[in-house]
**Student:** 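Sharing a structure with you now.
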Amino acid sequence: MGVTIYDMEVETKVPAGKLFQSFILDGDNLIPKVAPQAMKSVEILEGDGGVGTIKLITFGEGKLNLTDFSGSEIKSVKHKIDEVDKDSMCYNYSIIEGDVLVDPLESISYQIKLVSTDEGGCILKHKSIYTCKGDVKIAEEDIKKGKEKAQWLFKAIEAYLLAN
């Protein structure tokens, strides 16, 4: 089984508590509002928003158009919340179904942690774990594209939160 892990850290002036509440806990409402081209809608299929909740995420069209390894457009995914820890500001989830889980991908999970800085902002630490069938690894170019899209989305959210 090939596993590809990449870490990304983004420093922001947004306080950790505000970012966790807005981006993580209320992201289902905030992201479609701020970046509808990235995320069109979120529907809770099962659960109450806590651990075990399953969500259907429908992606928008445009700048953040997501594609899988075959170049096909990703329209939606289902993800399951694995951890929500408000005290340590950690949020983990896994993709359990959707257009993105095509060969060679077997599973994808994400770990997010916010760490306050002395300046009043925080650092968003984001780990992506891609598990592939066989010994396949995710290409560096695909990782770079994913990071660029994630950074664009985060900067849009950051700008909105700093302005409001």
**Student:** Calculate, to the nearest 0.5 Å, the distance between atoms CE and NE2 belonging to M8 and H126 respectively.
**Tutor:** 5.5 Å
**Student:** Looking at D82 and S94, would you say the former's side chain and the latter's main chain have a donor-acceptor pair under 3.5 Å?
**Tutor:** yes
**Student:** Where do L153 and A35 come nearest, in terms of heavy atoms and distance?
**Tutor:** CD1-CB, 3.7 Å
**Student:** Could you list the residues that satisfy salt bridge (Lys or Arg N to Asp or Glu O under 4.0 Å) with K78, not counting sequence neighbours?
**Tutor:** E97
**Student:** In this structure, would I5 and I95 fall into the same cluster of hydrophobic residues linked by side-chain contacts under 4.5 Å?
**Tutor:** no
**Student:** Please enumerate all residues that pass salt bridge (Lys or Arg N to Asp or Glu O under 4.0 Å) together with K18, with sequence neighbours excluded.
**Tutor:** none
**Student:** Can you confirm whether T131 sits close enough to I108 that some side-chain heavy atom of one is under 4.5 Å from a side-chain heavy atom of the other?
**Tutor:** no
**Student:** In terms of hydrophobic clusters joined by side-chain contacts under 4.5 Å, are I112 and L25 together?
**Tutor:** yes
**Student:** Might you point out which heavy atoms bring L105 and V100 nearest each other, and give the distance in Å?
**Tutor:** CD1-O, 3.4 Å
**Student:** Provide the closest heavy-atom pair for G17 versus M89 in the form atom of the first, atom of the second, distance.
**Tutor:** N-SD, 3.9 Å
**Student:** Side chain to side chain contact (heavy atoms under 4.5 Å, CB included) for V115 and C122? Distances and angles first, verdict last.
**Tutor:** CA-CA 5 Å; V115 178; C122 70; 5.9 Å; no
**Student:** Check step by step if side chain to side chain contact (heavy atoms under 4.5 Å, CB included) holds for F59 and K75.
**Tutor:** CA-CA 5 Å; F59 297 106; K75 296 183 184 347; over 6 Å; no
**Student:** Looking at every non-hydrogen atom in both residues, tell me the closest pair between D7 and K147 and how far apart they are.
**Tutor:** O-NZ, 3.8 Å
**Student:** Not counting sequence neighbours, list each pair that qualifies as a side-chain hydrogen bond (donor to acceptor under 3.5 Å, both in side chains) and has a residue in residues 154-164.
**Tutor:** T12-E158, K33-Y160, K155-E158
**Student:** Once the angle between the rings of H79 and Y91 is folded into 0 to 90°, is it parallel (under 30°), tilted (30 to 60°) or perpendicular (over 60°)?
**Tutor:** perpendicular
**Student:** Transitively linked via ILVMFWY side-chain contacts under 4.5 Å: V14 with V10?
**Tutor:** yes
**Student:** If you round to the nearest 0.5 Å, how far is CG of L56 from OG of S76?
**Tutor:** 5.5 Å
**Student:** Quick check for you: to the nearest 0.5 Å, what is the distance between S41 atom OG and N29 atom CG?
**Tutor:** 11.0 Å
**Student:** Using side chain to side chain donor-acceptor pair (under 3.5 Å) as the criterion, list what pairs up with S88, not counting sequence neighbours.
**Tutor:** D85
**Student:** Side-chain heavy atoms under 4.5 angstrom apart, residues restricted to Ile, Leu, Val, Met, Phe, Trp, Tyr: same cluster for Y110 and I24?
**Tutor:** yes
**Student:** Look up atom CG in L124 and atom NZ in K113, then write down how far apart they are to the nearest 0.5 Å.
**Tutor:** 11.0 Å
**Student:** Applying side chain to side chain donor-acceptor pair (under 3.5 Å), name anything that partners Q21, two or more places apart in sequence or on another chain.
**Tutor:** none
**Student:** Can you tell me how the ring of F154 sits relative to the ring of F23, calling it parallel under 30°, perpendicular over 60° and tilted otherwise?
**Tutor:** perpendicular
**Student:** Which residue pairs satisfy the side-chain hydrogen bond (donor to acceptor under 3.5 Å, both in side chains) criterion with at least one member in residues 46-55, sequence neighbours excluded?
**Tutor:** D28-K55
**Student:** In this structure, are over 12 heavy atoms from other groups packed under 6.0 Å from K144 atom NZ?
**Tutor:** no
**Student:** How long is the straight-line distance from CD of E11 back to CD1 of I123, given to the nearest 0.5 Å?
**Tutor:** 5.0 Å
**Student:** Is I54 reachable from Y93 through a run of hydrophobic residues whose side-chain heavy atoms are each under 4.5 Å from the next?
**Tutor:** no
**Student:** Quick check on K133: does its NZ atom have over 12 non-hydrogen neighbours (other residues, nucleotides or ligands) under 6.0 Å away?
**Tutor:** yes
**Student:** Once rounded to the nearest 0.5 Å, what's the spacing between atom CG of L30 and atom OG of S22?
**Tutor:** 6.0 Å
